[in-house]
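Single-structure report; data block below.
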Amino acid sequence: MNNLIIMIIILIGAIAVDIIFGEPKEYIHPVVFSGRVSKRIENYFRHHDNRIISGSVFAVSVIVITAVPYFLAIYLSSFVVVIYVIVSMIVLKTTFSISSMGDHIRLIVESLKNGNINDARVYLSRVVRRDTSNLNENEISSAAIETIAEGLVDGYMTPLFFFIFLGIPGAFVARIINTMDSMYGYKDRENFEFGRFSAFMDTVINYIPARLSWFFIGFSADVLNYRHKVISPRKYVSRFDSVNAGWPISTMACALNLRLEKKGSYIVNDDGYQPSVRDIERSMRVFYVAVYSYTIIFILPLLVAMAFLM
């Protein structure tokens, strides 16, 4: 029971740290650190004949090297409970993002409201892979909403899902896997084989959380009284290269009755409304409600259940 109380304190404390302080400085952020590690050792693995195997060893190496200092800090702090809790809060917070999503999206929204579409394109380019240089307002809005939906899974639901079963190490590794996928999980000539294992790991860890997003996005839209008719997202999921991305994006599109499109890749909810800056703001409200409802309805009860079962 003491372990359960400590885990709940760590979880709530980590969320509070996110809300109050936002993202930690780059020099202690594991996402930044893993990026630096990967760039430093990448060339040692790229030149092997079997790129799938070398890419797999590379991904595991980055995860291990990145994890060592953070896990060591948790271990050394474990001799004093108060210090352990504080350190664990900070490390757990680095595995998810709530306020950071709002900060990025706010810049896009403010730019669109002020008529600065070029600024909106620049801010959008910081959170999406696609070329944003020629996107119009509807296309920018669509991309931002897709980012919010997918970020709910990658940036919050998945790390905390693994926190339930594997503690902070599970959440931490899940976050680094997501980072590796965002850096190398492309289907271009350079990364198709080399990044395949990173993409595979990301697909595995997001499998269940992506499908859970169907309930929590829909539930949040209902709580906010945004959904005026029920549209099933299931038929649109198969249009995505990544089915895991398809679930939250399709659910958000259907919950708000929006037509979301990535040109040359997919269209979701073909008969929905063209998205606008107002819909970006509505999507962020759905994001916040989904974050807290997922924590209260799913994460905390499962933590309690796991404590009694173990």
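Because the structure is a prediction, the values reported are computed rather than measured. Throughout, residue positions are numbered sequentially from 1 according to the sequence presented.
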message: Could you check, using the six-membered ring where one of them is a Trp, whether F161 and F165 have ring centers closer than 6.0 angstrom?
response: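 Yes, the ring of F161 comes within the 6.0 Å limit of the ring of F165, centre to centre.
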
query: Can the ring centres of F163 and F96 be said to be less than 6.0 Å apart?
result: no

query: Do M201 and F194 share a hydrophobic cluster (ILVMFWY, side-chain heavy atoms under 4.5 Å, transitive)?
result: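 Shared cluster, yes.
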
- prompt: If you group Ile, Leu, Val, Met, Phe, Trp and Tyr by side-chain heavy-atom gaps below 4.5 Å, do I5 and I74 land in one group?
  reply: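 Yes; tracing contacts between hydrophobic side chains, which count when under 4.5 Å, links both residues.
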
field: Audit row: K93, F21, side chain to side chain contact (heavy atoms under 4.5 Å, CB included) steps and yes/no
entry: CA-CA 10 Å; K93 185 274 152 288; F21 300 104; over 6 Å; no

Which heavy atom in [X] sits nearest to a heavy atom in [Y], and how many Å separate them?
{"X": "G151", "Y": "F287", "value": "C-CE1, 4.3 Å"}
{"X": "A210", "Y": "P248", "value": "O-CD, 4.2 Å"}
{"X": "I140", "Y": "A120", "value": "CD1-CB, 4.1 Å"}

- prompt: Going through the distances and angles, do F219 and I297 end up as a side chain to side chain contact (heavy atoms under 4.5 Å, CB included)?
  reply: CA-CA 11 Å; F219 172 79; I297 296 173; 4.0 Å; yes

Under 3.5 Å side-chain donor-acceptor pair for [X] and [Y]:
{"X": "S141", "Y": "E137", "answer": "no"}
{"X": "R121", "Y": "N118", "answer": "yes"}
{"X": "E110", "Y": "Y123", "answer": "no"}
{"X": "N244", "Y": "T203", "answer": "no"}

field: Residues in salt bridge (Lys or Arg N to Asp or Glu O under 4.0 Å) contact with E193, at least two apart in sequence or another chain
entry: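 Per chain and number, E193 pairs via salt bridge (Lys or Arg N to Asp or Glu O under 4.0 Å) with no residue.
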
Are more than 12 heavy atoms from other residues, nucleotides or ligands located less than 6.0 Å from atom [atom1] of [X]?
{"X": "F200", "atom1": "CZ", "answer": "no"}
{"X": "R278", "atom1": "CZ", "answer": "no"}
{"X": "N225", "atom1": "CG", "answer": "no"}

- prompt: How far apart are the C-alpha atoms of S88 and M7, what are their side-chain angles, what is the distance that settles it, and do they pass the side chain to side chain contact (heavy atoms under 4.5 Å, CB included) test?
  reply: CA-CA 9 Å; S88 297; M7 287 190 73; over 6 Å; no

- request: Identify, with sequence neighbours excluded, every residue that meets side chain to side chain contact (heavy atoms under 4.5 Å, CB included) alongside R259.
  value: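 So R259 forms a side chain to side chain contact (heavy atoms under 4.5 Å, CB included) with E261, I267, Q274.
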
- prompt: Roughly how far apart are I108 CD1 and L124 CG, rounded to 0.5 Å?
  reply: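 One gets 4.5 Å once the value is rounded to the nearest 0.5 Å.
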
Approximate separation, where rounding is to 0.5 Å, of S198 OG and I176 CD1: 11.5 Å

message: Regarding D103 and R126, does a basic nitrogen lie under 4.0 Å from an acidic carboxylate oxygen?
response: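 Result for this pair is no, no salt bridge flagged.
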
query: So, K263 and E139, do they make that salt bridge, N to O below 4.0 Å?
result: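 Between E139 and K263 there is a salt bridge, with a charged N closer than 4.0 Å to a carboxylate O.
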
- prompt: Does R46 count as lying over the ring of Y44, i.e. NZ or CZ under 6.0 Å from the six-ring centre, within 45 degrees of the axis?
  reply: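 Verdict for Y44: no cation-pi partner in R46.
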
- prompt: Do R211 and Y207 meet the cation-pi criteria used here (NZ or CZ under 6.0 Å from the six-membered ring centre, within 45° of the axis)?
  reply: yes

Any side-chain hydrogen bond (donor to acceptor under 3.5 Å, both in side chains) pairs touching [range], not counting sequence neighbours?
{"range": "residues 58-86", "value": "none"}
{"range": "residues 7-17", "value": "none"}
{"range": "residues 280-291", "value": "K113-E281, Y226-R285, D279-R282"}

task: Any pair with a residue in residues 234-258 that passes salt bridge (charged side-chain N to carboxylate O under 4.0 Å, His left out), sequence neighbours left out, goes on the list, sorted by first then second residue, please.
output: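 Pairs touching residues 234-258 that pass the test: R239-D270.
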
Residue pair F298, L160: steps toward the side chain to side chain contact (heavy atoms under 4.5 Å, CB included) verdict: CA-CA 10 Å; F298 187 80; L160 290 195; over 6 Å; no

